[in-house]
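Heavy-atom basis, side chains included; hydrogens, waters and symmetry copies ignored.
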Number of protein chains: 2
Amino acid sequence: MNKHDLRVLKTKQNIHSALTNLLKKKPLTHIKVTELCKEANINRGTFYFHYQEVGDVFKEFFEEIMLDLKKSYNEPYYHTDFLNGKTLDPKTVRIFHHIKKYEDFYKIVFSQEVSSEYYYMLFDEIRSFGLENEHAVHQGKLNNYLHSYSANAIIGLIIEWYRHDFQESADEMNVHLVNILKL
Amino acid sequence: MNKHDLRVLKTKQNIHSALTNLLKKKPLTHIKVTELCKEANINRGTFYFHYQEVGDVFKEFFEEIMLDLKKSYNEPYYHTDFLNGKTLDPKTVRIFHHIKKYEDFYKIVFSQEVSSEYYYMLFDEIRSFGLENEHAVHQGKLNNYLHSYSANAIIGLIIEWYRHDFQESADEMNVHLVNILKL
DNA sequence: AAATATATTGTACAATTGTTCAATAAAATA
DNA sequence: TATTTTATTGAACAATTGTACAATATATTT
C-alpha cells in the first residue's frame, strides 16, 4: 500500500469528505462502515484495505490536528499579552486557542462514547511541550511524573471548558489558569 | 425490570462471573455479546434486556469500584505518615492505595481501546473530593476549573504510573506528588 | 507505449449484532 | 396455595461485520 499512489489519495479523500459529511448528521459512534463507504462511493473491501474501523478515519483527522497543535505551539506568538489587566501565559494560551479553533473536533474527542485513544494523542502532544514552569531540570523519574501531572492538569481545565460547551474565550481560559497557578 | 427479582440477580451474577473469566483470557474490546452469553449460560435476548453492550457490564464493575473509592476516601485513615523521611499527604495517598488495590481493573480503564466513559467516572469521583489545598473558598467559576484542574492532575500522575505498569508503591506515588506540589 | 505492479471492485461467506414476539418458566403477591 | 406478574427463553429476521479471492481498473515503471 503506497500512500502516494493517486488511487489511494483519491480513495482517502473520498472517505474523509464522506466522514465529514456524516459527522454533521450523527455522532461518530453511530456511523457504520457500510454507511461511510456508500457515502464515499467506494467499495467496503477498499475501506478494510486501509482501515479497521470508522474511528481510524477520525484518527487520521486528529493526527493532522495534532500536527497543527505542535506547529502553533512552536510558532512565535503575536497575541495580546493582557486580558482584563491580567498577564497571559504565552505558552499555554496557544493551546487554548488551538482547542477553540478545532472546537467541533474536540467535542468528539472529549465525548464519553469514543475510545480513549484520541485523549491520549492530545495528552502525549501537550506532555511533550514540557509545561512545568521555570524549575529547570529535575531528577529523571520525577520529571516524567511532573510532565504527566502538568499536561493532564491543563487537559482538566479543557474538560471543564468542554463541559461548559466551550463558552469562554481562549484568553479567559488562560486567565483561569493563571489564577490557579497563583494559588 | 426489578433489580431485586431473584431471576435478575442470578442472571447478573452469571454475567458478571462470565465477564471476569473472559477478561483473564482476552481484552474487554475483544469480548463479543454472543461469547459472553455462552459463557454465562444465558440467552442473548436476556443480555439485551439488561445491557446494550459488553462494556455496560464492565461499567457495573467500575461503579462498585467507584463506591469503594468514595468509601475509602472518607474513612479515617490509619497509615504510616512517612516514607523515606517525607511527609505523606493523607488525602491523596488513599487514592493511590485504592488504585493499587484495583490495579487489574485500572489497566483496563486506562487502556487506549476502551471508551472514555470509565475515565470520566474516575475523574468525576476524584473531582468530587475537592483536592485544592487549603485555599478556602474561591469564586464559583474559578472553583469549577480548579477542581477539574486538580483532579485531572492527579489522574495525570496515575496515567504515568499506569505506563510504568504500576511498578511504584502507592506511598512512592504520594512522595512524587508531594515533591511536585513543593515546586 | 508497453509492461508491470497493485489498488479497487464485486461477490461470497460465516459470524455477530440488534430487534421482535409468543411461549414458557420462575419469581412475587394475594 | 392459587393467582398474577414478569424475567427468560428460543426462534426468526434484516443488517452489519470481517475476511477472502479472482477479476478488473488504474496507477507506476521501464
Identify each donor-acceptor pair in which a side-chain atom of residues 47-60 of chain A lies under 3.5 Å from a protein atom, sequence neighbours left out, and give them as a table.
{"residue": "Y51(A)", "atom": "OH", "partner": "E60(A)", "partner atom": "OE1", "Å": "2.7"}
{"residue": "Y51(A)", "atom": "OH", "partner": "E60(A)", "partner atom": "OE2", "Å": "3.4"}
{"residue": "D56(A)", "atom": "OD2", "partner": "Q52(A)", "partner atom": "N", "Å": "2.9"}
{"residue": "D56(A)", "atom": "OD2", "partner": "E53(A)", "partner atom": "N", "Å": "3.2"}
{"residue": "K59(A)", "atom": "NZ", "partner": "E117(A)", "partner atom": "OE1", "Å": "3.3"}
{"residue": "E60(A)", "atom": "OE1", "partner": "H16(A)", "partner atom": "NE2", "Å": "2.6"}
{"residue": "E60(A)", "atom": "OE2", "partner": "K12(A)", "partner atom": "NZ", "Å": "2.6"}

For this session: Not counting sequence neighbours, which residues clear side-chain hydrogen bond (donor to acceptor under 3.5 Å, both in side chains) with S111(B)? List them please.
Result: E113(B)
Exercise. How would you list, by chain and number, every residue that makes a side-chain contact (heavy atoms from CB on, under 4.5 Å) with N43(B), sequence neighbours excluded?
Worked result: T46(B)
Seminar exercise, completed: Sorted by chain and number, sequence neighbours left out, side-chain hydrogen bond (donor to acceptor under 3.5 Å, both in side chains) with Y162(B) holds for none
For this session: List in chain and number order the residues that pass salt bridge (charged side-chain N to carboxylate O under 4.0 Å, His left out) with D104(A), two or more places apart in sequence or in another chain; answer none if no residue qualifies.
Result: none
For this session: Give the minimum heavy-atom separation between A153(B) and A153(A), together with the two atoms involved.
Result: CB-CB, 3.6 Å
For this session: Assess the side chains of H176(A) and E172(A): does a donor N or O sit below 3.5 Å from an acceptor N or O?
Result: no
Problem set entry | Degree of bending, the helix from dA1(C)-dT30(D) to dA30(C)-dT1(D) (end axes from five pairs; round to 10°) | 40°
Seminar exercise, completed: Across all chains, not counting sequence neighbours, the salt bridge (charged side-chain N to carboxylate O under 4.0 Å, His left out) partners of E39(B) are none
Exercise. Where do Y119(B) and N152(B) land on the side-chain hydrogen bond (donor to acceptor under 3.5 Å, both in side chains) test, with the steps shown first?
Worked result: CA-CA 10 Å; Y119(B) 186 98; N152(B) 219 43; 2.8 Å; yes
Problem set entry | 5' to 3' contact window, DNA chain D with chain A (heavy-atom distance under 4.0 Å) | dT16(D) to dT28(D)
Exercise. Should F61(A) and T20(A) count as side-chain neighbours, where that means a heavy-atom distance under 4.5 Å?
Worked result: yes
For this session: List in chain and number order the residues that pass side-chain hydrogen bond (donor to acceptor under 3.5 Å, both in side chains) with R44(B), two or more places apart in sequence or in another chain; answer none if no residue qualifies.
Result: none
Exercise. Salt bridge (charged side-chain N to carboxylate O under 4.0 Å, His left out) with K3(A): which residues, sequence neighbours excluded?
Worked result: none
For this session: Could you check L9(A) against K38(B) and say which one's nearest nucleotide on DNA chain C is further toward the 5' end?
Result: L9(A)
For this session: For dA7(C), take OP1 and OP2 only and decide whether either is under 4.0 Å from a side-chain N or O of T11(A).
Result: no
Exercise. Measuring from I154(A):CD1 to I95(A):CD1, what's the distance to the nearest 0.5 Å?
Worked result: 5.5 Å
Problem set entry | Contact letters for nucleotides 17-30 of chain C, in which S counts primed atoms plus P, OP1 and OP2 and B counts the base, heavy atoms under 4.0 Å | BBB-----BBSS--
Exercise. Does the side chain of T46(A) get closer than 4.0 angstrom to OP1 or OP2 of dA7(C) through an N or O atom?
Worked result: no
For this session: With a 4.0 Å heavy-atom cut-off, tell me which residues in residues 14-30 of chain B come close to DNA chain D, sorted by residue number.
Result: none
